[in-house]
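Notes to accompany the following structure.
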Amino acid sequence: MREIRSLAGMQRQARGWQRAGTRVALVPTMGYLHEGHLSLVCRARQVVGPAGVVVLSVYVNPTQFGPREDLARYPRDLQRDRRLCREAGVDVMFVPDDAAMYVREPGREHSTFVGEQVLSAGMEGASRPTHFRGVTTVVAKLFNLVLPEVAVFGAKDFQQAAVVRRMTRDLNFPVRIVVAPTVREEDGLARSSRNVRLSSEERAQAVALREVLLALRRAVQTAGGAGRTAGALGRLATQCLERFPLVRLDYVAFFDPETLVPCRRVTPGCQAALAVCLGQTRLIDNERL
Ligand code: PAF
C-alpha cells in the first residue's frame, strides 16, 4: 500500500491512472476507521475489480465542523488506520496535508465553497448550518484530486449521500456515487468513529436510536397504506426515549427518500432519520419505514 500526502502527487498519480485506463474507486473518510469503512472498501473493490485501484482518503475536514463542534476532539489514529487499510487491501491511502487543502495565509485564504441549496436545508443542515457546505466542498476537492470513476459513501449518513449525489450531478462530475449499507454493532448501534467517545453508561443507552427507529417502523407497517401522521410518530419517538434518560433528541424527521421532502402522512416506504446527543457526543441513524 502506498501513502500519498501531497496534493500535486495525488493528482499526478490520478492522471497516470487515467492515461493507463486504470479504474479508480474513492472511499472518502475522516479516519479512525471501523468495520463500516472497511465495508465501503469491499464495495469499492467489487466495483473496480482486482486490476483497479482503491483509494481511501483520511482527512478530518475542518470546514464541515461548526465553531462549537468536536473538530479538536474528533478521534484520530493514523497508525491503526494504516494497518486496517493494508489488511483491507486498500491500494493508496491519501492523507492530504491540511495546510495545502485549505490555504490559510492571510490575504490569500481559501475562499471558494461548493454549496447544495435544497437537500441540505433540513435535518443535519438545520442543526449544523455550515456542515454540508463543508462536506460538498471537500468532496468536490477530493474528486478533483483523485479523479475517481466511483466514490463510495455509507448509508448511515443518508442526507449526506443525497446531497453528494445531487452535487455530483449538478456539477457534472464524472463520478458514480455508490451508497453501501450501514454496518451495526450487535445491539444495532450503527458503527461510527464517534462511538468511542461514549462512556459505558452512554454506550448502553445508545441502543435507543435503533429502538426508536424500529418502533417507528412497526407503527408505520401496522398502519399500512393509511399511514400515521408525522406528529403522532414524533410523539411515539419521544415516548420511546423516556426509557433512556441520557439521550437528548435533536430531531426526528420523516421524508421521501428520493427528494427528502418531509412527509406529513407517513406510510411504508418513507424514510425516518434521527439525531440525538449523549453527553458531548452527537449520533445519527436512519431507517426505511
Ligand atoms: O462521512 C464522512 O466521513 C465525511 O463527511 C466525508 C464524506 C469523508 C467528508 O469529509
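As the structure is a computational prediction, the values presented were derived from the model and not from experiment. Each ligand, and each atom within it, is numbered from 1 in the order the structure gives.
Distance from atom 3 (O) of ligand 1 to its nearest protein heavy atom, with residue and atom name: Met30 CG, 3.6 Å. In this structure, the protein non-hydrogen atom closest to atom 9 (C) of ligand 1 is Gln64 OE1, 3.3 Å.
Interface atoms of ligand 1 facing Val138, defined by a heavy-atom separation under 4.0 Å, are 9 (C), 10 (O). Listed by atom number, the atoms of ligand 1 under 4.0 Å from Pro28 heavy atoms are 8 (C). For ligand 1, the atoms lying closer than 4.0 Å to a non-hydrogen atom of Gln160 are 1 (O), 2 (C), 4 (C), 5 (O), 7 (C).
Ionic pairing of Glu287 and Arg210 is present here: one or more N-O contacts between side-chain nitrogen and carboxylate oxygen are shorter than 4.0 angstrom. The pair Arg23-Glu149 meets the salt-bridge criterion, with a side-chain N (NZ, NE, NH1 or NH2) lying under 4.0 Å from an Asp/Glu carboxylate O.
Close N/O approach between Asn61 and ligand 1 is not found [any backbone or side-chain N/O within under 3.5 Å].
Using a 4.5 Å heavy-atom cutoff, the side chains of Leu216 and Leu214 are not in contact. Looking at heavy atoms from C-beta onward, Gln64 lies in side-chain contact with Val138 at the 4.5 angstrom threshold.
Under 4.0 angstrom from ligand 1, there are no non-hydrogen atoms of Val164.
In this structure, Arg80 is positioned above the aromatic face of Tyr32, its NZ or CZ under 6.0 Å from the six-membered ring centre and within 45° of the axis.
Within a 6.0 Å radius of CD in Glu109, more than 12 heavy atoms belonging to other residues, nucleotides or ligands are found.
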